[in-house]
Amino acid sequence: MDYNFIEIEKRWQQWWAAHKTFRAEADGKKPKYYVLDMFPYPSGAGLHVGHPLGYIASDIFSRYKRLKGFNVLHPMGYDAFGLPAEQYAIQTGQHPEKTTHDNVARYRRQLDRIGFSYDWDREFRTCDPDYYKWTQWAFLKMFGSWYDNRLQKARPIEELVAAFGSGGSAAVDAANNDAPVFSADEWKSFSDKEKADILMHYRIAYQGESTVNWCPALGTVLANDEVKDGYSERGGHPVFQKKMTQWQLRVSAYAGRLLDSLDRLDWTDSLKEMQRNWIGKSQGAEMVFRMECDGVAHDVTIFTTRADTVFGVTFMVLAPESEWVEKLTSASQKEAVDAYLEQVKKKTERERIAGKAVTGVFSGSYATNPLTGEKVPVWIAEYVLAGYGTGAIMAVPAHDSRDYAFAKKFDLPIVPLIEGADVSESSFDAKEGVMMNSGFLNGMTVKEAIPAAIDYVESHGLGRRKVNYRLRDAIFSRQRYWGEPFPIYFKDGIATPVPFDKLPLTLPEIDEYKPTEAGEPPLARAKDWTYDGYPLETSTMPGFAGSSAYYLRYMDPHNDKALVSREADEYWRSVDLYVGGTEHATGHLIYSRFWNKFLFDLGYVCEDEPFRKLINQGMIQGRSNFVYRIVNTNTFVSCGLKDRYETTEIHVDINIVRNDRLDIEAFKAWRPEFATAEFILEDGEYICGWAVEKMSKSMYNVVNPDQVCDTYGADTLRLYEMFLGPVEQSKPWDTKGIDGVNRFLKKVWRLFWDRENWLVTDEKPTADELKALHKLIGKEQEDIESFSYNTTVSAFMIALNDLQNCHKRAVLEPLLVLLSPFAPHITEELWHQLGNVDSITYAAFPEYHEEYTVENTVKYPVSFNGKTRFFLDVPADKAPAEVEALVRSHEMTPRYVGAQSIVKVIVVPGRIVNVVLK
RNA sequence: GCCCGAAUGGCGGAAUUGGUAGACGCGCUGGACUCAAAAUCCAGUGUCCCUUAAAGACGUGCCGGUUCGAGCCCGGCUUUGGGCACCA
C-alpha cells in the first residue's frame with residue numbers, strides 16, 4: 001500500500017471535526033495549558049506559506065502538551081475590524097461585513113487543510129456584536145474609573161467623586177491631564193457640566209485635547225505605533241501633528257507597572273528591550289523657573305535629567321504647541337512668533353523629523369535661573385516636543401547636542417561645566433568628568449553632581465525628583481466606519497454611558513462608507529444615530545480595541561453575562577504560551593498588557609499579566625524571480641548574459657519558473673504582451689535572476705500553502721516549515737529541501753507497509769532499537785520545550801536511519817506517538833491501522849529511560865593540577881589501575897598535558913581522577 | 001546618533017554552553033536496479049598538497065588576549081539584520 005496523503009489527510013481532518021477531538025473543557029483534574037496564536041486579520045489575499053509558521057509551531061506544542069497529560073486550550077479566531085475591508089467598501093460599496101465574511105471563510109478553508117488542533121467551538125470574530133459587546137463593556141469600565149497613584153491601581157470614579165466632596169482636588173494623587181485645582185466647597189458648588197468636565201480629566205478612558213497624529217488621506221487620527229517615520233503604517237500617507245479632542249486611554253498611568261512587570265515575563269530579551277525603549281523611563285527633576293513677560297511673572301516648570309548642568313543654562317525653550325507660548329510672547333515679538341507658529345503648523349511630521357533644520361524664534365521674555373539668579377532669554381523652537389515632560393526645557397548648549405546646534409545657529413552663549421571638555425566644535429554629552437563653573441557642585445563628578453543638584457533643588461523648594469515616561473496615552477477614536485461604536489451619547493453636552501444592559505450598541509447601516517461632506521466620521525451618515533433622543537458618539541474604536549482582551553474571551557466565549565466567568569478565568573488564568581510576530585511589540589502587546597492590568601485592578605481577572613511566555617516567529621520571505629527585457633524590445637535575455645545589453649528587470653511569476661529556469665511557453669501565455677516574446681538563451685535554457693524579498697502579490701513570489709498540501713501533503717508542509725530553521729528566525733521560503741522531508745515520511749510509511757504487505761510484527765525489540773527510540777524521546781522532550789523544532793526533525797531522521805529495518809510494534813507504536821505532533825495525519829492513520837480505536841491525541845508521551853541510551857558506565861571528572869578538564873566514561877567494573885591506564889592513553893590527554901609531563905595519576909575508585917603535572 | 005542580535009562548507013542549518021567543528025537535510029559525484037527515465041537504494045562529499053589513499057597542514061567575518069584547549073569567554077574592529085530616534 002502506498003502513502004496516499006490526500007486521502008489520509010482528508011479522512012482524519014473530518015474525523016477530528018466529527019469527534020470534536022480538540023475540544024477543551026475546564027477540568028480540575030488535569031493541569032491546564034493555554035496556547036495561543038496571535039489571531040489573524042483576514043485579508044483578501046489569503047494565507048501564504050509564511051503565515052502558518054507560528055501556527056504550526058504552537059500546534060506542535062499543543063499536541064505535545066496533550067500527550068504529556070495537560071488539558072490544553074488552543075483556540076483560534078479573527079481580528080476582523082480593520083482598514084482594508086473599509087477601504088474596499090469605499091471603492092466598491094460592498095459592506096465590510098460581507099468582505100470580512102468571505103475572507104474568513106477562505107482563511108478557515110486554508111487553515112483546515114494544515115491539520116491544526118484548534119477548538120473551533122470557541123471561534124469568534126472581533127466584529128461579532130456578541131464579542132464587541134465586551135469591548136464596549138471594558139471601555140465603559142475605563143470611562144467609569146480613575147487611576148490612584150498612591151495605591152497604583154484603577155478605582156471606580158464614584159470613589160473619586162466622594163474624595164472631591166470631602167477634600168477637593170488635593171485629597172487625591174490621581175493620574176490626570178492638566179486637571180484644575182479646587183477645594184471641597186468649590187466642588188460642591190460646581191454645576192453638573194463643570195463636574196463632568198473635571199472628571200473627564202481623570203477618567204482612564206477620557207476625551208481630551210492633545211497633539212495627535214492626523215492623517216488627512218485616511219481621514220482619521222492614528223496612535224503613535226501606527227505611524228512609522230512620519231507616514232501612516234497602513235497606506236504610507238503623510239501624517240501631521242494637530243491639536244484635536246479625541247478619546248484616549250490613560251495608558252501612561254500604567255507606564256511604571258508595565259515596565260516593572262516585564263522582568264517577570266518569559267519573553268525574549270530583545271522584545272522586552274523594545275518595550276522598555278517604547279515606555280522610555282527617564283529619571284530626573286522638575287524645576288521651576290520664573291519667567292517674565294512685559295512685566296508679568298509666570299512660574300514655568302521644566303523637566304531635566306541633567307540637574308547638574310543648571311549653572312550652564314544660557315536660554316530656555318518652549319515647544320511651539322506649549323500653552324505657555326501665548327502668555328510668554330511679548331507684544332514686540334508677537335508678529336515674529338505668530339509667523340513662526342504658522343510655519344511649524346504646516347509641516348508634516350515627516351518634514352519635522354527629516355529636515356532636522358534648526359528653527360526657532362525669540363519670545364521676548366526672560367527667565368531667571370533659580371540657582372544663579374541670572375537672566376536668560378526664552379525661545380520657542382520645534383525641537384522641543386509638547387507631549388513630553390512639561391513641553392519646556394532649560395537649554396545647556398555645552399552639554400546637550402540639540403541645545404548646542406540651536407545656540408550656534410542663533411548665536412547664544414555656551415558655558416562649559418566639565419573640566420577638560422572641549423566645546424568649540426561640539427557639545428560634550430557624556431555623563432562623565434568633573435564639574436567646574438558650577439558653584440557648590442565644583443569638584444564633584446557628574447555622577448555625584450546629579451543627585452546633589454536635585455537634593456539642593458528639593459530642599460530649597462525649587463523643584464522635585466521626577467520620573468518621566470515616553471509612553472503616551474493611546475488615542476482611542478478613529479473617524480471610520482468599520483470598528484466598534486462608542487457606547488457614549490451626549491446629554492446636554494455631557495458624555496454619558498449607554499447602560500450596560502443596552503449593550504452591544506451595534507454598528508448602524510449606512511449607504512456610503514466615506515466621511516461626510518462636512519468632514520464628520522462616516523457614522524454621522526447613519527439615520528437616527530441617537531440614544532434616548534441624544535446624539536451618539538460618531539467615532540469608532542481603533543483596531544487594537546478588539547484584540548486587547550480576546551485571549552480572555554476564549555476562556556468562556558459564549559458567556560453573555562460576563563467577558564469571562566470567574567470560574568473559567570480562575571481555571572485558565574492566562575496564556576501560557578503566546579506565539580506571534582515582533583511587529584506587535586509596541587502596539588497590541590502594550591495595549592493588551594495595559595487592558596489586562598486594568599481589569600485586574602477592578603477584580604475582573606486574577607492574573608495581572610496576560611502572556612506568560614512569548615515566542616516570536618520569524619518572517620518567511622519570498623524568493624522572487626526576474627526576467628530581463630532588452631530596452632525597447634520584446635526580447636528577453638538570460639541572466640548570465642544580461643550584462644551585454646541594456647535591460648529592465650521584470651518580476652516573473654515564480655509558478656512558471658522551476659529551479660530558476662523559465663518555462664518559456666508558460667511565460668508567453670502568462671500575459672498577452674509576452675505572447676510574441678523572443679529569447680536569448682544560455683545552453684538552451686532561460687535562466688532567471690532571483691532575490692529574497694517580502695512575500696507579496698505584487699512581486700509574484702507568493703507561495704500558497706494549498707499548493708504545497710496538494711503536491712506533498714500537510715504533514716510534509718508542517719515538518720518542512722519546522723525543518724527550515726529556528727522558528728524565531730526569518731528566512732526565505734525555498735522548496736529545495738522539501739523533497740527530503742517528504743522522503744522521510746514515505747520512509748516512515750515503509751516501516752509499516754511495502755507495496756502490498758503489512759510488515760508490523762510483535763517481535764521483541766533489540767537493545768540497539770530501544771537505544772535509538774529512547775535517544776529520540778529524550779531529544780524530542782528537550783527540544784520541544786526549548787522550541788528547537790528544526791533539530792527535533794533532524795532527530796527523527798537520525799532515529800529513522802537507525803530503525804530502517806525495524807517493523808516491531810513495540811518500537812513503531814511509541815515512534816508514531818512521538819511523531820504525531822509534527823505529522824498528525826500520517827501518524828493517526830497508522831495508529832488506527834495498528835488497531836487503536838481512539839485518536840493518537842489521547843495517547844501518552846512515551847517515558848524516557850536513560851538506561852537504554854547510556855551504557856553502564858561511571859563518569860570520572862578528570863582534572864589536571866586540580867582543575868577539571870573533561871569527563872571520562874569508564875565501564876563500572878574497571879579497577880583503578882585500569883582507569884589510570886585509560887587516562888594516560890586517552891587520546892585527548894596529550895593535549896591537556898601540553899609541554900608538561902605527568903608526575904602521577906590519582907584515581908579515587910568511582911569518583912575522580914586527578915593528574916599531577918610538572 | 002543610541003540600544004539589541006547575527007556572522008560556521010556550494011546551500012538551509014547542527015555543536016551537550018569551554019572539550020573530536022560541520023549533526024540532519026538539500027545539492028553535487030559515482031554505483032545498483034531499469035530497454036530507458038522517474039522513483040528507490042548504496043557509497044563519497046570543508047579546503048590545500050596528491051593519480052588515489054594514508055599521513056599532514058589549514059579551517060567557524062578580521063586583529064589581539066585568557067586557557068592545556070576558544071565557533072563559544074575578554075578587548076578592539078568589519079559587515080549585516082532589527083528596534084528607537086530632536087524624549088531634554
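Reminder, nothing fancy here: chain letters follow the sequence lines and each chain counts from 1. If you're wondering where the values come from, they're calculated on a predicted model, not measured in any experiment.
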Short side-chain N/O contact to [N] OP1/OP2 from [X], under 4.0 Å:
X      : N     : result
A:Q729 : B:A6  : no
A:N790 : B:C24 : no
A:S730 : B:G82 : no
A:Q804 : B:C42 : yes
A:R743 : B:G25 : no
A:Y383 : B:A88 : no

What integer distance in Å separates [X]:[atom1] from [N]:[atom2]?
X      : N     : atom1 : atom2 : value
A:W267 : B:G5  : CH2   : P     : 18 Å
A:D2   : B:A39 : CG    : C1'   : 11 Å
A:N742 : B:A38 : CG    : C1'   : 15 Å

Students often get this wrong, so: under 4.0 angstrom with heavy atoms, is [X] touching a base, only sugar-phosphate, or nothing?
X      : answer
A:R472 : base
A:P726 : sugar-phosphate
A:N801 : sugar-phosphate
A:T582 : nothing
A:I798 : sugar-phosphate
A:K747 : sugar-phosphate

Could you tell me which nucleotide pairs with [N] by Watson-Crick or G-U wobble geometry, both distances under 3.5 Å, or answer none if nothing does?
N     : value
B:C33 : none
B:G71 : none
B:C26 : B:G10
B:G81 : B:C4
B:U60 : none
B:G18 : none

Are the charged groups of A:D2 and A:R750 less than 4.0 angstrom apart, N to O?
->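 Yes, this pair counts.
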
Atom [atom1], compared across [N] and [M]: separation rounded to whole Å:
N     : M     : atom1 : value
B:U20 : B:G82 : C1'   : 36 Å
B:C62 : B:A6  : C1'   : 16 Å
B:G56 : B:C49 : C1'   : 9 Å
B:U45 : B:A54 : P     : 9 Å

With a 4.5 Å limit on heavy-atom distance, are the side chains of A:L412 and A:V376 in contact?
->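 With C-beta onward as the side chain, the pair stays apart.
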
Side chain proximity check, A:R623 to A:N701, heavy atoms < 4.5 angstrom |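 Contact flag for A:R623/A:N701 side chains = no.
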
CG of A:L818 to CD of A:E780: how many Å apart, nearest 0.5 Å?
->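 Going from the CG atom of A:L818 to the CD atom of A:E780 covers 5.0 Å.
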
Crowding at NZ, A:K272 (>12 non-hydrogen neighbours, <6.0 Å) =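 Above 12, so yes.
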
Near A:D269 CG, under 6.0 Å, is it more than 12 heavy atoms from other residues, nucleotides or ligands?
->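 Result for CG/A:D269: open.
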
Hey, which sits more toward the 5' end of RNA chain B by its nearest nucleotide, A:D269 or A:G280?
->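 Result of the comparison: A:D269.
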
On RNA chain B, check which nucleotide each of A:I393 and A:G740 is closest to and give me the residue with the more 5' one.
->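 Of the two residues, A:G740 wins.
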
